[in-house]
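Below is one structure; the comments refer to it alone.
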Amino acid sequence: MTRHALVVEISVMKVRIRKTVKLFLANTIPFLLTFSCGSGSRSYDEDGGGLPDTDLDVTGDVDEIYSIPICGNGIREEGEECDDLNRLNNDGCTWDCRNGNGIPTEEADASVSGYQQEGDSTQIGGAASDWQRSICRLPLEWTGAQFATAIAAQQPTIPPEPQSALLSIKRFNADGTLLAEQHSFSEVVHPDSRGFDLVWNGTNFGFFYCDDQALFIVLLDSQGKPLGEPVAIVERPRGFWSPAAAWTGEGWAVVYRIYSERAMVERRCSPLSSGRQVWQIWAVLTGPEGRRDDEQEPRLLVENVEPTISQPDISAGSDSIGVTYLEESTPFNPNCAHRFMLLDRDLTIQATSGVLSNSAGGELTYSSGRFVTAWLHANTRETDSAEICIGRFTDDGELEGPPVCHGRFSSEEVYSPYPVAISSGDMGLGILFRVTILDPNSLYTYIAVLYFQRTDEVGRPIGPAIEITRGPSSEVAIGAYAIEWGDGFFGGIYQHQNTLSGMELRFLRFVPISR
């Protein structure tokens, strides 16, 4: 495949610091996106009518400018033999920017057990979760005795009253048996377009959600009962989206998205996503009770991210914090790029990964002293294919060897705008991911497939991916999903909407294969 590159020199001003960077445009396959994760369903006219008021100062300040990593920024710089705008092997330029394809991936660790699905999935929720169908983050936490997730039950309203939903916790045993005692605590306007997260800290839950005015936390006991009123972490009349949180051992770390400016952009990550707003990703720290002190101002991390599928994730390490997010490869390249960022415990940026690869997004976990992220990569080496990739980062933010990619899913078109869910346990990883393919027997029919993949700690697959469910997208909608290690097994949860049975929330287990 012939590649063409256009080098453009531009000047970028960021908070009193001017940098000159070179960017290039490379041929890559378009990454087709058809589902909106947490961007809402509002429409805007050409003059910006309907846009929220953005003539406000941004909370906090950007006082730290980080440098773009040498490898993976698309610029061949001193010490590099090549730079093809990713950190992957097998494409003529290695993960550390050397000519060639790199050393082949070793076989998976033979001591790591394979896993298989145990029985059929269990329905743990029905119509109450219907309002959650547009939320791409479905939280799942294991307390050591039971699982917990959160749903948003639609509330009856009379126009012109805005649509709203009641947030509540669902708890269930390791076999999927739903516990009778459930708790509801907050009503939220437009929750489908804003999202929420649930985090267990070993003693109690932190539940994070957004509305039109603020980002909130509600502390819950081990039974999911509120311990007090919601606390506004950050307030502004511009709105918040896609919160993700982590427990640091001393308090909570949260990332979220907000509108950046009124300007409309022509292309963001995909040729199909023209006319989108410009967004930013922010982070904030709180104490154990969810309150900020005077020195804990929110910190701007990333500007100008794609709103349709840019759902950041966060995980806390031993003395650092990791964040994954999506951003364009360059302002001239419309492919989404999966990236990792390392923060210290003051939210100061310590390192960034550059472009890992084209991606629909990936979640993040911390395991065995490493940050681990998985994502679905649109394969630019072979047209019409995609593969799962896993990357590991050390506590100082360095990519530890080349990402491991495997599992080709080929069709006339392969895409998935959903994040890849990941959890660690039993000397390896459990991964849930979805692909949507064009039915080879029908030109206009798409098939959604949900898979489970077991790997070792490095990300090398232990056996083939296990198909959980599939169906034509017109009849079966596979919504958000999550996976969590449950002290001896992986528990998975996913949304399943059938045109006949309606929305269901389903739970399933994956257990070791007997040797």
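In what follows, residues are counted from 1 in the order of the sequence shown.
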Are the side chain of Y481 and the backbone of P419 linked by a donor-acceptor contact shorter than 3.5 Å? yes
Indicate the atoms forming the closest heavy-atom contact of T365 with S424, along with that distance. OG1-OG, 4.2 Å
State whether the SG distance for the cysteine pair C97/C82 is less than 2.5 Å. no
Single hit among F172, W200, W485 for ring-ring contact (aromatic ring centres under 6.0 Å, His included) with F147: F172
Among residues at least two apart in sequence or on other chains, which ones pass ring-ring contact (aromatic ring centres under 6.0 Å, His included) with Y115? F490
Assess, by modelled atom type and distance only, whether the side chains of S320 and Q350 contain a donor and an acceptor separated by less than 3.5 Å. no
Donor-acceptor contact below 3.5 Å, side chain Q117 vs main chain G119: yes
The residue among F208, Y256, F207 that forms ring-ring contact (aromatic ring centres under 6.0 Å, His included) with F196 is F207
Say whether, by atom type as modelled, one donor and one acceptor occur between the side chain of R392 and the main chain of E457 under 3.5 angstrom. yes
If you round to the nearest 0.5 Å, how far is CD1 of I493 from CZ of R506? 11.0 Å
Where is the tightest heavy-atom contact between L88 and C405, given as atom of each residue plus distance? CD2-SG, 3.8 Å
Heavy-atom donor-acceptor pair, D456 side chain to A108 backbone, under 3.5 Å: no
With sequence neighbours left out, what residues match R76 under side chain to side chain donor-acceptor pair (under 3.5 Å)? none
Would you say T324's side chain and R339's backbone share a donor-acceptor pair under 3.5 angstrom? no
Within the 3.5 Å criterion, strictly below it, is a donor on D109 or S111 matched to an acceptor on the partner's side chain? yes
Report yes or no: does Q453 contribute a side-chain atom to a donor-acceptor pair with the main-chain N or O of I431 at less than 3.5 Å? no
Does E484 use its side chain to pair, donor to acceptor, with the backbone of E141 at less than 3.5 Å? no
